[in-house]
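All remarks here apply to the structure that follows.
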Amino acid sequence: MKSIASLIIDMSYYLLNALEAAGTCGIQTTAAVSNVPRPKRPIEAPPVKLGFIPQEWFQFFYPKTGVTGPYVFLTSVSTFLVSKEFYVLEHEFYNGLSLLFIIMYVQYKYGPQIAKFLDKKVDEFEEEMNSNKEAIITRCQNGINEMEKEKWRTEGQLMIYDIKKQNLQSIEHRIAQKHMVQWITSNVLKAITPEQEKSNLLQCVKDLESLSAKA
């Protein structure tokens with residue numbers, strides 16, 4: 001279960017990652033920037049101390065000051081700021097202290113229920129975003145498939161056009177041959193005179209008589 005403090009730390013973690021990414025990338029929008037890895041939202045919030053201080057801050061002091069180092073440092077800095085009046089304990093401080101106690105009580109009493117409710121909302125939002133993403137991917141894939149079909153249809157139309165063109169050329173070639181044969185035949189027939197036709201007939205008769213005599 002995520003507490004309110006852990007949710008605040010989680011949000012701070014996202015903000016720091018965003019600022020770090022912005023500082024690294026600047027305002028460039030070129031294609032090279034797209035290779036920068038995007039920050040990922042952690043599944044579980046990092047552990048905390050005193051309800052709101054990240055535990056890794058305490059671990060920073062452990063190798064140098066031991067376990068009590070972070071508490072001594074926090075107490076010393078607070079005492080120094082108050083004694084030198086860098087931090088004045090005016091009425092707003094006590095109002096904030098009262099508000100802190102109220103927040104701590106709400107976190108202790110209703111923190112798990114609030115965390116469960118917020119986790120449920122986050123999961124619903126994430127599921128909705130994933131479903132929208134899948135719908136967009138499916139729509140784009142369907143568009144690609146339709147474009148592939150149109151491409152296939154266009155290629156088929158081109159093949160049909162080429163076949164029709166070849167058939168038309170073949171028909172034109174046959175018609176041209178037929179016309180050429182008719183033209184040659186008609187010209188040959190026109191070139192034969194009656195005398196030539198008569199002599200050819202007589203020659204044919206003679207050839208038939210000679211063949212019959214041999215038979």
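The chain is numbered in sequence order, starting from 1.
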Is any side-chain heavy atom of S76 closer than 4.5 Å to a side-chain heavy atom of F73?
-> no
Rounded at 0.5 Å granularity, tell me how far [atom1] in [X] sits from [atom2] in [Y].
X    : Y    : atom1 : atom2 : answer
E150 : R153 : CD    : CZ    : 4.5 Å
T138 : Q141 : OG1   : CD    : 8.5 Å
D123 : L118 : CG    : CG    : 11.0 Å
N142 : R139 : CG    : CZ    : 9.5 Å
Q59  : K49  : CD    : NZ    : 8.5 Å
K149 : N145 : NZ    : CG    : 7.0 Å

Connected via hydrophobic side-chain network under 4.5 Å: [X] and [Y]:
X   : Y    : result
V82 : F93  : yes
F80 : L74  : no
Y94 : I103 : no
V77 : F86  : yes
L97 : L89  : yes

Atom OH of Y62 with >12 non-hydrogen neighbours under 6.0 angstrom = yes
Kindly check if the number of other-residue, nucleotide or ligand heavy atoms within 6.0 Å of CD (E127) is above 12?
-> no
Y71 and F58 aromatic ring geometry - parallel, tilted or perpendicular at 30°/60° bounds = tilted
Could you walk me through whether M129 and K133 pass the side-chain contact (heavy atoms from CB on, under 4.5 Å) test, one step at a time?
-> CA-CA 6 Å; M129 294 296 292; K133 182 183 71 174; over 6 Å; no
Among P47, P70, P46, whose side-chain contact (heavy atoms from CB on, under 4.5 Å) with Q55 holds?
-> P47
Ignoring hydrogens and angles, tell me if any N or O in the side chain of T79 forms a donor-acceptor pair with the backbone of T75 under 3.5 Å.
-> yes
Counting only N and O atoms by type, is there a donor-acceptor contact under 3.5 Å from the side chain of S131 to the main-chain atoms of E128?
-> yes
Cation-aromatic face contact K84/Y87, 6.0 Å, 45 degrees = no
Any donor-acceptor N or O pair under 3.5 Å, side chains H173, Q177 = yes
